[in-house]
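Working notes for the structure below.
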Amino acid sequence: MELAKNITLVIAILWALLQIFSIRYSLSNTGGVFPASISSLLLYFVSIAVVLGFHLSPFHLIWLAIVSLVLGFPLMIFPPVYSLCIAFLGLLAITTSLPDNDDNDIEATIDVKATEVKTKWIKPEKKGKGFA
């Protein structure tokens, strides 16, 4: 039974860490993250800390994962939770590595700018006095 508890605890911690790295990867490559997923993740980390702190059974983390997903979304309406999530998101964004600027990217940008066609804004002609 102890082996099953330890395996459950290890899987829960690894899943939470995987979610952190997934959010970090999303920030560095796609730039978009759903903020409510961060509150769910933070709530799950609190659940892990409570289970470890109070020496509860790690099997509680199974249903706490579902509860954290369900409660993470409505928690975003509270300003302190939202601020905490945005601060955590900022921390993850700081730790991401920026892509290197290649010379090919710069040359492609120059080529695009050289081939752009400049258009002139045409003002509409006044045909009458209108309502004046």
Open item on the list: Quick check: is Ile48 connected to Val67 through a chain of hydrophobic side chains (ILVMFWY, heavy atoms under 4.5 Å apart)?
Closed with: yes
Task: Pairwise distance OG(Ser39) to CG(Leu89) - rounded to 0.5 angstrom - done: 11.5 Å
Open item on the list: Working to the nearest 0.5 angstrom, can you tell me the gap between Leu71 CG and Leu64 CG?
Closed with: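 Nearest 0.5 Å value for the CG-CG distance: 10.0 Å.
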Open item on the list: Does Phe78, at its CZ atom, have more than 12 non-hydrogen atoms belonging to other residues, nucleotides or ligands within less than 6.0 Å?
Closed with: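 Counting neighbours around CZ of Phe78, 12 or fewer heavy atoms of other residues, nucleotides or ligands fall under 6.0 Å, so no.
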Does [X] reach the main-chain N or O of [Y] with its side chain, forming a donor-acceptor pair under 3.5 Å?
{"X": "Ser22", "Y": "Leu18", "value": "no"}
{"X": "Ser47", "Y": "Leu43", "value": "yes"}
{"X": "Ser40", "Y": "Ser68", "value": "yes"}

Open item on the list: So which atom in Ile23 and which in Ser37 form the shortest heavy-atom distance, rounded to 0.1 Å?
Closed with: CD1-OG, 4.3 Å
TODO: State which residue, out of Leu42, Val33, Leu75, fulfils the side-chain contact (heavy atoms from CB on, under 4.5 Å) condition with Cys85.
DONE: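 The residue from Leu42, Val33, Leu75 that satisfies side-chain contact (heavy atoms from CB on, under 4.5 Å) with Cys85 turns out to be Leu42.
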Which pairs of donor and acceptor atoms, one on a side chain in residues 49-61, lie under 3.5 Å apart (sequence neighbours left out)?
| residue | atom | partner | partner atom | Å |
| --- | --- | --- | --- | --- |
| Ser57 | OG | Phe59 | N | 3.3 |
| His60 | ND1 | Trp63 | NE1 | 3.0 |

TODO: Evaluate the side-chain proximity of Phe73 to Phe34: yes if any heavy-atom separation is below 4.5 Å, no if none is.
DONE: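 Yes, at least one pair of side-chain atoms sits under 4.5 Å.
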Task: Min side-chain heavy-atom separation Leu69-Tyr44 under 4.5 Å - done: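 Not in contact.
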For a quick test of your reading: what N or O donor-acceptor pairs under 3.5 Å do the side chains of residues 1-14 make, sequence neighbours left out?
| residue | atom | partner | partner atom | Å |
| --- | --- | --- | --- | --- |
| Asn6 | ND2 | Glu2 | O | 3.3 |
| Thr8 | OG1 | Ala4 | O | 2.7 |

